[in-house]
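Remarks on the structure that follows.
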Amino acid sequence: SEDFVGHQVLRISVADEAQVQKVTELEELEHLQLDFWRGPAQPGSPIDVRVPFPSIQAVKVFLEAHGIEYTIMIEDVQSLLDEEREQMFAFQAR
Amino acid sequence: AASTDTFNYATYHTLEEIYGFMDLLVAEHPQLVSKLQIGNTYEGRPIYVLKFSTGGNNRPAIWIDTGIHSREWVTQASGVWFAKKITQDYGQDPAFTSILDNMDIFLEIVTNPDGFAFTHSKNRLWRKTRSITAGSSCVGVDPNRNWDAGFGLAGASSNPCSETYHGKFANSEVEVKSIVDFVKNHGNIKAFISIHSYSQLLLYPYGYTTESAADQAELDQLAESAVKALSSLYGTKFKYGSIIKAIYRASGGTIDWTYNQGIKYSYTFELRDTGRYGFLLPASQIIPTAQETWLALQTIMEHTLNHPY
């Protein structure tokens, strides 16, 4: 099963169209393996993106270099998945 | 589960458990519920639709589907809860009883079975179908970009590795083609509601063009009423509007095609959440999410019943 240890989900806040375009550029960089949970839309509309561990540093540097604000929505995707799986198994065990 | 009364609606389930639930529900309510197979998936799994009918022949109908994007687990889980709710409310709730006395409801709970099975076995965050694209090592097509409505225009990707890959041609995905054939053969569907998550939105056509839908004013007004009903339960805030205005340009989408087929009340829901868990919504939120969504669905269904066309 695919493992998401160290993957983070960033919530990106874009202030204007230029910043939306910058984030869209990121989307095209296939080697970063980004998974947009909420894609780039319009200024004011949050963008959520899952970033694999190897790409985190590069993405954060890129966003900060362009003055694009972000917060970490999910610190570690795998830990949420583990919780979800435990909950399912607990139910099945019962 | 021994019955749909002991089935646990507050946890996520596998494909087999959901299909087992469907059989239980049909067995418990043979006069009201039947299970139709509308096709087989790319990997050969059956595609089931539950039909809720109190009689008549080819009555005007309401279509609800969940789980077309397989990782949006709260939607399939809500679909299971809706199915049980329908059997509980018919004959009890006068407004809902009136809907089912005059219309049929079709509910497709697992609209992307291959993708859903894959989220349980290999990759919890899988979104697309599992079809193989000749010439590419990447798998799957976005089933919400594969419909014959603005197919291939801006708002989808031609890259098989993209999460929004539209596929080689419209309806290339059998999971989509099965619904297309069903809708065309039935010919009397009056409302089509496709349920996604997340971001708390109620959307109506169009996504592939900035042109307004002919019924935009009515769709907007009904959306406002529906989100008000939804919000009345737990205060969950939804925005509403056309796809292209409320979020972004998206081509080849489900409800653009259904609307162009003449199904006026075509809506897409984006359920919880606002940005804490995303697709990994805790199971403890399944029932509240389904309950609030049901209020919005009832608003749309009542409007459809009261505004025949």
Side-chain angles (χ1 to χ4, degrees), chain A residues 1-5 7-14 17 20-21 23-24 26-52 70-94, chain B residues 1 6-14 17 69 71-74 77 118-128 138 142 155-157 159-164 196-201 207 239 241 243-250 270 273-284 286:
Chain A
S1 187
E2 187 99 11
D3 137 318
F4 297 96
V5 173
H7 291 217
Q8 288 189 335
V9 177
L10 303 184
R11 163 148 288 194
I12 301 171
S13 309
V14 282
E17 202 50 54
V20 174
Q21 283 316 308
V23 177
T24 304
L26 268 183
E27 198 171 10
E28 263 107 55
L29 302 177
E30 274 193 35
H31 68 281
L32 292 176
Q33 294 282 300
L34 301 183
D35 173 16
F36 280 84
W37 286 14
R38 288 184 67 167
Q42 46 218 313
S45 191
I47 299 169
D48 297 342
V49 56
R50 173 175 61 84
V51 184
Y70 68 87
T71 57
I72 300 174
M73 176 174 146
I74 297 177
E75 281 283 351
D76 182 288
V77 171
Q78 191 59 44
S79 57
L80 268 191
L81 290 179
D82 293 343
E83 275 175 43
E84 183 180 75
R85 198 163 281 272
E86 276 154 35
Q87 194 273 344
M88 282 176 72
F89 286 154
F91 149 68
Q92 282 163 355
R94 263 202 312 279
Chain B
T6 59
F7 188 87
N8 186 333
Y9 299 90
T11 188
Y12 291 113
H13 289 277
T14 64
E17 287 166 345
H69 284 148
R71 63 182 172 185
E72 299 165 7
W73 276 15
V74 71
F118 198 70
T119 61
H120 279 274
S121 62
K122 291 286 185 307
N123 182 343
R124 168 69 178 78
L125 295 174
W126 189 262
R127 159 191 170 102
K128 304 191 284 184
C138 291
D142 181 347
S157 172
N159 175 356
C161 297
S162 166
E163 290 290 359
T164 56
H196 291 247
S197 78
Y198 64 96
S199 56
Q200 296 178 197
L201 295 167
K239 291 181 182 168
I243 297 166
I244 198 163
K245 289 206 176 79
I247 31 174
Y248 44 44
R249 186 179 289 269
E270 289 281 356
D273 97 307
T274 50
R276 170 67 191 82
Y277 299 102
F279 299 119
L280 308 182
L281 195 70
S284 57
I286 292 171

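Sequence lines set the chain letters: A, B, ... in the order given, protein chains first and strands last, and positions in each chain run from 1. Atom set for the values below is all heavy atoms of this structure, side chains included, hydrogens, waters and symmetry mates excluded.
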Q: Give the minimum heavy-atom separation between A:Ala41 and B:Tyr248, together with the two atoms involved.
A: CB-CD2, 3.9 Å
Q: Sort B:Ser121 into side chain, backbone, both or neither according to what part of it lies under 4.5 angstrom from a heavy atom of chain A.
A: backbone
**Q.** B:Arg127 portion near chain A, given a 4.5 angstrom heavy-atom threshold
**A.** neither
Q | Residue part contacting chain B, namely of A:Phe4, when any heavy atom lies under 4.5 Å | A | side chain
Q. Where do A:Arg38 and B:Ser199 come nearest, in terms of heavy atoms and distance?
A. CZ-CB, 3.3 Å
Q) Where on B:Glu17 is there a heavy atom nearer than 4.5 Å to chain A: the side chain, the backbone, both, or neither? A) side chain
**Q.** Distance, nearest 0.5 Å, that separates CH2 of A:Trp37 from CG of B:Leu280
**A.** 4.0 Å
Q) For the candidates B:Tyr198, B:Trp126, B:Phe118, which exhibits the highest count of non-hydrogen atom pairs separated by less than 4.5 Å from chain A? A) B:Tyr198
Q) Is any side-chain heavy atom of A:Glu27 less than 4.5 Å from a side-chain heavy atom of B:Glu163? A) no
Q: For each of B:Gly275, B:Cys161, B:Ala283, B:Ser157, tally heavy-atom pairs with chain A at distances under 4.5 Å, and name the one with the top tally.
A: B:Gly275
Q) Can any side-chain N or O of A:Gln42 pair as donor or acceptor with the backbone N or O of B:Ala246 at less than 3.5 Å? A) yes
Q | Point-to-point distance, once rounded to the nearest 0.5 Å, from CD of A:Gln87 to OG of B:Ser284 | A | 8.0 Å
Q. Are B:Phe279 and A:Leu80 close enough that some pair of their side-chain heavy atoms sits under 4.5 Å apart?
A. no
Q: Report the C-alpha separation of B:His120 and A:Met88 in whole Å, then their side-chain angles, then the decisive distance to 0.1 Å, and conclude whether the side chain to side chain contact (heavy atoms under 4.5 Å, CB included) test is met.
A: CA-CA 11 Å; B:His120 279 274; A:Met88 282 176 72; 3.5 Å; yes
**Q.** Which of A:Thr71, A:Asp35, A:Asp48 touches chain B most, by non-hydrogen pairs under 4.5 Å
**A.** A:Asp35
Q | Any side-chain heavy-atom pair of B:Thr119 and A:Glu2 under 4.5 Å | A | no
Q: Compare all side-chain heavy atoms of B:Arg124 with those of A:Glu84 and state whether any distance is below 4.5 angstrom.
A: yes
Q. Which region of B:Lys245, side chain (C-beta onward) or backbone (N, CA, C, O), has a non-hydrogen atom less than 4.5 Å from a non-hydrogen atom of chain A, or is it both or neither?
A. backbone
Q. For chain A, which of B:Leu281, B:Asn159, B:Leu125, B:Asn8 has the most heavy-atom pairs under 4.5 Å?
A. B:Leu125
